[in-house]
**Q** 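Below: one structure in structure tokens.
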Amino acid sequence: MASGANANMNAVRETMDVLLEISRLLNTGLDMESLSICVRLCEQGINPEALSLVIKELRKASDSLKASDNSTN
Amino acid sequence: MAASLDQKSPNVLLQSLCCRITGKSEAEVAHQFQYAVRVIGSNYAPTIERDEFLVSEKIKKEMVKQRREADAALFSELHRKLQTQGVLKHRWSVLYLLLSLCEDPRKPSPRLGSYGALFAQALPRDAHSTPFYCTRPQSLALSYGDRGPPSGATVVAGPPGGLSSTMGTSGISSLGMYTLNGPSPTPQSLLAGQPPAAGGPALGSRLAWALPVGSSPACALAPPSLRPPLGPVALNRSIRPRRDGDPNAEVTEGALVRDILYVFQGIDGKYIKMNLPDNCYKMDAKVVLCKSLRDTGSRLAELGWLHNKVRKYTDARSLDRAFGLVGQSFCASLHQELKEYYRLLSVLHSQLQVEEDQGVNLTVESSLTLKRLLVWTYDPKVRLKTLAALVDFCQGRKGGELASAVHAYGKTGDPQMRALVQHILSLVSHPILNFLYRWIYDGELEDTYHEFFVASDPNVKTDRLWHDKYSLRKSMIPSFITMDQAHKVLLIGKSINFLHQVCHDRTPPGKITPASKSADTPNDAAELLWDLEGAFQGKIDAAYFDTSKYLLDVLNRDYLLLDHLQAMRRYLLLGQGDFIRHLMDLLKPELARPATTLYQHNLTGILETAVRATNAQYDNAEILKRLDVRLLEVSPGSTGWDVFSLDYHVDGPIATVFTRECMGRYLRAFNFLWRAKRMEYTLTDIWKGQMCNAKLLKTMPELSGVLHQCHILASEMVHFIHQMQYYITFEVLECSWDELWNKVQQAQDLDHIITAHEVFLDTIISRCLLDSNSRSLLNQLRAIFNQIIEFQSAQDSLYRSALEELRLRLQYDEQRKQREAQGEWGVTAEQEMEEANRVREFQDTIPKMRSQLHILTHYYQGIVQQFLVLLMTSPDQSLRFLSFRLDFNEHYRAREPRLRASLGTTRGRRS
């Protein structure tokens, strides 16, 4: 049981490594944690198109916030 | 990890994602989180294939495009590894996400880059120059939203490093931009000048999210066009520097063009909206705009209205299965047209996009203006107008009716419109022509939705198949098919079905009609429609000719239709003289008895004897076995003559021609003819009696007066009956028969034969005075017949008593001679007295006979005169001619003043 869970953990880790590599290749700018969240969301059947949109918007928002912070400062 | 993966809800995950990306605490990202939930939750319809292979191919292509072939190979390696592990269920989903977040690290495309650079540069420099921008930093996001994900998002999306790299490269391109545009238009105003790209839900929510925290949620949720004029006004204000000196803060033409493009698709624009009460698109009255633009805009907006109309129809109908195949193909053709229209719109859109990306005023001569739109959309507008009119006209129609409606629209002088309608018509009529070919080549009716113009009644049994089972749906006959063609089509399929179901003929349809090519494409349908008079008519004619001919051949060859027809004439219409005469001879003793004592089996035996003894025996056994005796309903007091009737059994296919009604009419005709024949027969008997007895009774001079009277009356009757028989045989039966026979020989289909036969029977019935119009004539005729019967019995009794008297007298003479020979007195006084008394008694009865005959004669002549009067007034010419023949020497005319008058007038008219 424990070894099975271990093997499972290994498989998951390996998968995540592969995905991270692909992500790097594609230059998506996602770190490990964001990627794992995204993968989990995708696994739950979330529409990837919508998710990518959200991520882009979030980045944009954070940038603009930073920018406005800069400008006000 | 996997365990926790499943436990966390998407919301929690989303929130942590928000925190992670923005790098802020949960409380701070509440807004972003809400937005994220809304976007994810709004099911932002996937526009992609759920296919891992496709996605991976796309990724590879993208890498190749970026000239990173080595990375592409690496990716496929990684991808294979991923596939072998099988931890992930939605690999395509993850891959797709990564692809859409992908960014080219080396060469950002110039188009995207220019905007990003523009913005990135503008950010710090113009932030202070435009106060509006400072107060509402979110308007930045708003204008970004308009760009849509591909152009806008990529700029800021990358990680800080990526961003800096884009900034680095794009600074150059933005410089180029500046030199082109000149320094005066600030890039920001350029951006703001573009109106929001109208309203998908995602955009609405994006906008809402971009709004400041303080604004109310209702306001935030409202689509951009409904928001208070803050946006537009603010935009207008920001435009002002470019449209220098314009005091009215107008909407730019470009904005209007963008708006119009949405309206073209039936989506409300920012300035132009659907006005429900007026049912048209209207320019927002508040928008400040010069009149010509406003007018042009309104004119263009009509296109949107037309589009909506057509679209509404197809949307409503395409799911309605009961609408039928014709309706479906109509919808499909409308869809095709709409697709063309959408293609045009997408071209316009991309043109607009390119212009925006390159800066609006770059090349004035190629930019999109309302006037240009007006010209470019002229043709589509005409087409859409036609479609909308068509849709209006076809409302509530289906099947052939629909095709008729479309066809009616093809009758126009405008060649373009005609081509359009013809195209639609060819699609619409395709299912109908398919029905038609199935029907005329296979006899099968596959019309689930009752669209075809041939209807079938499943309740009708096979014996009435030809007459009742199939009918024409008049409303469903497409107007390009003439009534004549429709009838032929009906007949062809009916013949095939008749052959199969009634005649049990299993010849494959291909053998009947060699040209059974039924798998036609819409193109063939179109070709046929061009050439309705030629090829189509030819096809129908050929099928009609072959099928009908085959059917008639089968009926004649296997079912002896013509032979049966002749048998009807020979037996039921008394055409076979020797047989009828012999039958009557044999039947006479039987028929003289009361009707109640007759038995069918006796009569059947007599019938067979009659057949065997006459020429009828050489007839086809098939026909003879159908011949039978039938006794009509017996009424009290009727004799065998009244109830006897010949019968002819018909069944199977020939019963279609000889229907029950037909047989009923044959029986009525037979009864009439049989009665007339009997009169002839009776009069022959009377004449025979007169001839035989005339010599015998010469010895009784006291009888000569009575006998003379008898002879006169008898010859009067003989003349009458001869003329009647002549009339019936030659004017009625033979003429009609000849007509029928000619028609049957020339008949092309079974219907022709049936019609000819019906006409034949109708003629016979009416000419034989059996129809309701000549009831009074028939009654007179019956009375005449009755008088003949009565005369026969009177004459019989006369002859009987006369012959009895003659016998007694001869016996008396004989006895006297015998006694004289024996040498005695011939008669005693007593005997002489007795003889004288008897003779006197007999002579006393003579005046009685005379007066009886006198009454008979008088009565008979009265009836004949009546009959003649009726004949004279009859509308039928042949009956009037009959009256001339009956009264050829004006014997009756001299006695009947009415007759004189009418005869005079008709003769006067004739001369």
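In this text the structure is predicted, and so the values were computed from the model without any measurement. No hydrogens, no waters, no symmetry mates; every other heavy atom, side chains included, goes into these values. Reminder, nothing fancy here: chain letters follow the sequence lines and each chain counts from 1.
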**Q** Mind running side-chain contact (heavy atoms from CB on, under 4.5 Å) on Lys81(B) and Thr15(A) for me, showing each step along the way?
**A** CA-CA 8 Å; Lys81(B) 221 184 264 175; Thr15(A) 308; over 6 Å; no

**Q** Side chains of Val94(B) and Pro48(A): closer than 4.5 Å at any heavy-atom pair?
**A**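 Answer no - side chains too far apart.
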
**Q** Leu95(B) versus chain A, heavy atoms under 4.5 Å apart: side chain, backbone, both or neither?
**A**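 Just the side chain, heavy atoms under 4.5 Å.
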
**Q** First locate atom CG of Leu98(B), then atom CG of Asn27(A), and finally report the distance between them rounded to the nearest 0.5 Å.
**A**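 The CG atom of Asn27(A) is 11.5 Å from CG of Leu98(B), to the nearest 0.5 Å.
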
**Q** State the CG-CD1 distance between Leu14(B) and Ile37(A), to the nearest 0.5 angstrom.
**A**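 Going from CG on Leu14(B) over to CD1 on Ile37(A), the span is 9.0 Å.
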
**Q** Please determine whether the number of non-hydrogen atoms from other residues, nucleotides or ligands lying under 6.0 Å from atom NZ of Lys60(B) exceeds 12.
**A**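 Count over threshold, so yes.
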
**Q** Is it the case that the side chain of Lys56(A) and the backbone of Ser100(B) share a donor-acceptor pair, with hydrogens and angles ignored and the cut-off at 3.5 Å?
**A**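 Yes; judged by distance alone, with no hydrogens or angles, the pair exists.
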
**Q** For Leu25(A) and Asp71(B), work out which heavy atoms get closest and say how close.
**A**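 Minimum heavy-atom contact is CD2-CG, 3.5 Å.
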
**Q** What is the distance from atom CD1 of Ile22(A) to atom CD of Glu77(B), rounded to the nearest 0.5 Å?
**A**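 Going from CD1 on Ile22(A) over to CD on Glu77(B), the span is 11.0 Å.
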
**Q** Specify the closest pair of heavy atoms between Ser52(A) and Leu101(B), including all atoms of both residues, with the distance to one decimal.
**A**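 In terms of heavy atoms, the two residues are closest at O-CD2, 4.0 Å.
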
**Q** Does any non-hydrogen side-chain atom of Leu13(B) lie less than 4.5 Å from one of Gln44(A)?
**A**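 A side-chain contact under 4.5 Å exists here.
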
**Q** Checking Asp31(A) now: which residues fulfil side chain to side chain contact (heavy atoms under 4.5 Å, CB included) with it, not counting sequence neighbours?
**A**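 Partners of Asp31(A) under the side chain to side chain contact (heavy atoms under 4.5 Å, CB included) test: Glu33(A), Ser34(A), Arg20(B).
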
**Q** With the side chain counted from C-beta on, respond yes when Leu97(B) and Val39(A) share a heavy-atom pair under 4.5 Å apart, and no when they do not.
**A**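 No, side chains not in contact.
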
**Q** Counting only non-hydrogen atoms closer than 4.5 Å, does Leu35(A) touch chain B with its backbone (N, CA, C, O), its side chain (CB onward), both, or neither?
**A**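 Side chain only.
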
**Q** For the atom pair CG (Leu82(B)) and CG (Asp17(A)), what is the distance rounded to the nearest 0.5 Å?
**A**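 Separation between the atoms: 11.5 Å.
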
**Q** Which heavy atom of Leu99(B) sits nearest a heavy atom of Leu26(A), and at what distance?
**A**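 Here Leu99(B) and Leu26(A) meet closest at N-CD1, 4.1 Å.
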
**Q** Taking atom CG of Leu51(A) and atom OH of Tyr96(B), what is their separation to the nearest 0.5 Å?
**A**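 So the CG of Leu51(A) and the OH of Tyr96(B) are separated by 11.5 Å.
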
